[in-house]
Structure formats: structure tokens, C-alpha cells
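Inspection log for the structure reproduced underneath, given as C-alpha cells.
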Amino acid sequence: MTPQELADLHHKAMTETRPWTDADFADLLAQPDVFVVGDLRSFALGRVVLDEAELLTIVTDPDLRRQGLGAQTLSAFDTEAVARGAVMGFLEVSVENQAATALYLRSGWTRAGTRKRYYHLQDGRVVDALVMSRSLAQ
């Protein structure tokens, strides 16, 4: 997947927060610790530093939601993170994103804390992020 293809799907899927540009994706993918899993229907971008993985973003085409693609992509993220040496995963999610939070909870992620005023929404509001973590040790 090219940075432009990733940006196109990110733009289509992200309706509340600012979608990332092709330059954002190109800059991230140029870093040796960053990886992408999935396809043009659903992808996740993450990074592994030492033994910790961070889920940077995960998106599913809005026209294809509720078909299990998000769960499959999240599982692929976990698998790739473990292959890269991660034993623990972390992510942030908007406290208002109930669908994503439910996906993470079903997938074994737990609440670890809150980042106050973390997300700047397109409507001008600023909302907290829920920090979640998951053991990736097998």
C-alpha cells in the first residue's frame, strides 16, 4: 500500500479527527520501527520500540464495517508486533469512539489511563483519550 492509498482510506474513515495526509504516512513509514498490516479495506499502522508496541492508527472502510475486518486487522497488528519483539501493546482512543473502544475491549485490551484534552476534533472540540494496553506475551 502506498502512502497515498493509506491516506485516502484514512480520510474516508476519519470523520471526527483530522485525517492523516500521504506525507504523514510517508514520514512514518520511513522510520525503521514502523509497520503497516492489512489491506485497502482495513489497515493498522504501528511501531515497536524495544519490547513495546504502539498502535498508531487503525481504520476500516466505512462501507465495510461490522464485518470483522477491524478485529482481523487488530489481530494482524498483534501478530506483527510480537514478531518484532513486542510483549506489551499500547494505544490511545477518543473517549467518544465507542465502536473502537468496544473492539479493543473484545480483543483483550484494558483501560490503563486517560490523556486529558488529547484529541482535537474537526468540530473544534477537544476530548480526552482513553489509554489502553494489552499483554502480547504468548
Side-chain angles (χ1 to χ4, degrees):
M1 291 176 284
T2 68
Q4 186 60 61
E5 290 170 326
L6 296 171
D8 289 346
L9 181 54
H10 204 261
H11 182 79
K12 184 176 182 182
M14 293 295 173
T15 57
E16 290 190 6
T17 58
R18 180 190 69 83
W20 296 356
T21 67
D22 61 326
D24 294 330
F25 281 104
D27 288 346
L28 284 165
L29 290 168
Q31 300 174 26
D33 55 349
V34 173
F35 63 93
V36 64
V37 295
D39 56 34
L40 293 177
R41 301 170 302 150
S42 180
F43 73 85
L45 187 78
R47 80 171 121 223
V48 173
V49 177
L50 300 175
D51 64 351
E52 293 183 351
E54 179 184 10
L55 179 64
L56 299 170
T57 192
I58 183 170
V59 296
T60 297
D61 186 319
D63 298 331
L64 301 174
R65 289 183 179 152
R66 310 284 309 156
Q67 298 179 24
L69 290 171
Q72 291 171 6
T73 302
L74 188 57
S75 178
F77 166 82
D78 292 349
T79 299
E80 181 62 22
V82 168
R84 291 170 174 255
V87 297
M88 194 71 176
F90 295 92
L91 62 84
E92 291 96 8
V93 60
S94 167
V95 295
E96 294 189 355
N97 192 339
Q98 296 175 357
T101 301
L103 168 66
Y104 300 139
L105 290 170
R106 282 192 311 271
S107 300
W109 294 77
T110 59
R111 293 179 170 109
T114 304
R115 295 192 196 284
K116 296 290 186 189
R117 302 181 51 79
Y118 187 78
Y119 285 107
H120 295 263
L121 304 185
Q122 291 186 27
D123 66 7
R125 293 181 302 124
V126 181
V127 299
D128 297 346
L130 177 62
V131 179
M132 301 185 82
S133 64
R134 180 180 187 280
S135 172
L136 300 173
Q138 309 219 342

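Computed from a predicted model, the values in this text were never measured in an experiment.
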| field | Smallest separation among heavy atoms of P19 and Q122, with atom names | value | CD-NE2, 3.4 Å
| query | How many angstroms lie between CD in Q72 and OG1 in T60, if you round to the nearest 0.5 Å? | reply | 9.5 Å
| Would you find a donor on one side and an acceptor on the other, under 3.5 Å apart, between the side chain of R117 and the backbone of A129? | no
| message | Quick one about D78 and S75 (side-chain donor to acceptor, distance below 3.5 Å, no hydrogens or angles considered), yes or no? | response | no
| note | Rounded to the nearest 0.5 Å, the OG1 atom of T110 sits from the CE atom of M132 at a distance of 6.5 Å
| OG1-CG distance between T73 and L55, expressed to the nearest 0.5 angstrom | 10.5 Å
| query | Which distance, rounded to the nearest 0.5 Å, do you find between the CD1 of I58 and the OG of S42? | reply | 5.5 Å
| said: Is the ring pair F25/W20 parallel, tilted or perpendicular, if the boundaries are 30 and 60 degrees? | reply: tilted
| Going through the checks in order, is the side chain to side chain contact (heavy atoms under 4.5 Å, CB included) test met by R115 and V131? | CA-CA 7 Å; R115 295 192 196 284; V131 179; 3.6 Å; yes
| query | Any idea which heavy atoms bring R47 and F35 closest together, and the distance? | reply | N-CE2, 3.8 Å
| What do you reckon, is CD of Q31 surrounded by more than 12 foreign heavy atoms closer than 6.0 Å? | yes
| said: Using modelled atom types and a 3.5 Å cut-off, is there a donor and acceptor pairing between side-chain atoms of Y118 and backbone atoms of L130? | reply: no
| field | pair H10-D24: side-chain heavy atoms closer than 4.5 Å | value | no
| said: Looking at R18, I want to see if its CZ is surrounded by more than 12 non-hydrogen atoms of other residues, nucleotides or ligands under 6.0 Å. | reply: yes
| request: Find out if a path of hydrophobic residues (ILVMFWY) with successive side-chain heavy-atom gaps under 4.5 Å connects V36 to L74. | output: no
| task | Using a 4.5 Å cut-off on heavy atoms from C-beta on, say whether the side chain of M1 contacts that of L40. | result | yes
| query | Do you know which two heavy atoms are closest between F90 and E52, and how far apart they sit? | reply | CE1-CD, 3.8 Å
| message | Show the nearest heavy-atom pair for residues D63 and Q67, with the distance to one decimal. | response | O-NE2, 4.2 Å
| field | From CZ (F77) to OG (S107), nearest 0.5 Å | value | 11.5 Å
| Backbone N or O of T2 within a donor-acceptor pair of the E5 side chain at under 3.5 Å? | yes
| P3 to L29 - nearest heavy-atom pair and separation | CG-CD1, 4.5 Å
| query | Honestly curious: do V82 and W109 fall in one hydrophobic cluster under the side-chain, below-4.5 Å linking rule? | reply | no
| message | Hydrophobic clustering (ILVMFWY, side-chain heavy atoms < 4.5 Å, transitive) - are L45 and M14 grouped together? | response | yes
| field | Polar side-chain atom of T114 near backbone of K116 as donor-acceptor pair, under 3.5 Å | value | no
| field | Side-chain touch E92/Y119, heavy atoms, less than 4.5 angstrom | value | yes
| request: Please identify each residue that fulfils side-chain contact (heavy atoms from CB on, under 4.5 Å) with L9, with sequence neighbours left out. | output: F43, V59, D61
| Are side-chain heavy atoms of V126 and L121 found at a separation under 4.5 Å? | no
| request: Could you grab the distance from atom CG of L6 to atom NE2 of H11, nearest 0.5 Å is fine? | output: 14.5 Å
| Applying the 4.5 Å side-chain criterion to the ILVMFWY set and letting contacts propagate, would L103 and V37 be lumped into a single cluster? | yes
| task | Could you give me the CA-CA distance, side-chain angles and deciding distance for R125 and H120, then say whether side chain to side chain contact (heavy atoms under 4.5 Å, CB included) is met? | result | CA-CA 6 Å; R125 293 181 302 124; H120 295 263; over 6 Å; no
| field | Residue pair Y104 / V93, side-chain heavy-atom distance below 4.5 Å | value | yes
| request: Check the pair D123, E16 against side chain to side chain contact (heavy atoms under 4.5 Å, CB included), reporting the backbone distance first and the verdict last. | output: CA-CA 7 Å; D123 66 7; E16 290 190 6; over 6 Å; no
| field | Shortest non-hydrogen separation from A81 to L136 and the atoms involved | value | CB-CD1, 4.0 Å
